[in-house]
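Both ligands and their constituent atoms are indexed starting at 1 by order of listing. Keep in mind the model is a prediction, meaning the values are calculated, not measured.
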Amino acid sequence: MIRIGLVMLQGARHSHISALESASRETGIDIEVHELRKSSDLESSEPHAIVIPGGESTTMRLTGNDPASSLLPAVFDWIRAYKERPVLGTCAGAILLAEPGDGGEPLVDAKIDRNGFGTQADSFQSRIEATALGREFPGVFIRAPRFIETGDKAQVTAKLDKEVVGVMTHNRMALSFHPELSNDSGFHEWLLLTAEKLEADSK
Ligand code: GLN
């Protein structure tokens with residue numbers, strides 16, 4: 001049984017649950033999704049992997065750093081403590097991974113421009129090359145951030161033509177699009193398979 005912590009600050013959380021369920025069926029890996037709203041939820045659920053959905057990063061920072069929740073500092077601590085555990089950050093979730101804003105090291109080695117692909121009106125869909133999956137993937141971009149620089153510790157995991165739209169450092173995957181809004185659960189399968197492998201290796 002793989003436990004997934006889903007950061008419930010804002011955004012398309014329920015689509016992530018559907019995508020995780022579909023990934024579970026595809027891979028045959030049993031999962032339990034734990035909704036994380038405050039830091040104590042993280043302690044009690046002891047997840048093997050974490051998903052940080054999109055939304056509006058400014059709002060997510062406000063809600064997640066509010067003393068009533070303190071979820072974001074706890075999530076960042078967890079990510080730094082369990083270096084190899086898989087994390088999937090989509091859109092605003094990718095912004096938080098690249099810019100945790102807590103004075104600590106970025107969680108993926110890349111610089112990101114929050115609204116680099118323009119406004120809501122510039123949202124679009126396009127086939128992308130998911131190098132991490134070794135195939136094409138339907139990319140859904142909504143007020144998408146843009147990676148403006150990728151460092152030595154970042155592996156490119158998705159590309160839209162020549163443009164980098166996915167990076168990974170350790171097993172933290174930051175995607176500027178929304179894989180949970182397409183009918184392809186490939187990136188969620190990656191999350192489950194990586195978490196399961198890590199679990200098996202630790203036994
Ligand atoms: N551009 C948004 C932000 O700044 C992210 C958009 C999204 O997650 N769909 O947070």
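What sits closest to atom 7 (C) of ligand 1 on the protein, heavy atoms only, is Cys91 SG, 2.8 Å. The protein non-hydrogen atom at the shortest distance from atom 4 (O) of ligand 1 is Arg114 NE, 2.5 Å. Here the protein heavy atom with the shortest distance to atom 1 (N) of ligand 1 is Asn115 OD1, 2.6 Å. For atom 10 (O) of ligand 1, the closest heavy atom belonging to the protein is Ser57 N, 2.5 Å. Counting protein heavy atoms only, atom 2 (C) of ligand 1 is closest to Glu56 OE2, 3.4 Å. Here the heavy atom of the protein found nearest to atom 5 (C) of ligand 1 is Gly55 O, 3.4 Å.
Using a distance-only test at 3.5 Å, with no hydrogens or angles considered, a donor-acceptor pair links the side chain of Gln10 to the main chain of Glu56. Of the possible donor and acceptor atoms, one in the side chain of Asn65 sits under 3.5 Å from a partner among the backbone N and O of Arg61.
A 4.5 Å side-chain heavy-atom check between Asp41 and Lys38 finds at least one atom pair inside the cut-off. Put simply, the side chain of Met8 reaches to within 4.5 Å of the side chain of Leu6, judged on heavy atoms.
Asp201 CG: more than 12 foreign heavy atoms inside a 6.0 Å radius.
Contact annotation: for His178 versus ligand 1, heavy atoms closer than 4.0 Å belong to the side chain alone.
Against a heavy-atom cut-off of under 4.0 Å, Gly54 is close to the following atoms of ligand 1: 8 (O). Atoms of ligand 1 lying under 4.0 Å from any heavy atom of Ile95, numbered from 1 in the order shown and given with element: 3 (C), 4 (O), 10 (O).
The shortest N/O to N/O separation between Thr90 and ligand 1 does not fall below 3.5 Å. Taking any N or O of Ile142, backbone or side chain, at least one lies under 3.5 Å from an N or O belonging to ligand 1.
To the nearest 0.5 angstrom, Ile29 atom CD1 is 11.0 Å from Leu20 atom CG.
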- prompt: For Glu189 and Leu133, what are the C-alpha separation, side-chain angles and deciding distance, and is it a side-chain contact (heavy atoms from CB on, under 4.5 Å)?
  reply: CA-CA 10 Å; Glu189 290 164 33; Leu133 309 178; over 6 Å; no
Working for side-chain contact (heavy atoms from CB on, under 4.5 Å), residues Arg85 and Leu198: CA-CA 7 Å; Arg85 290 204 191 170; Leu198 217 66; 3.8 Å; yes
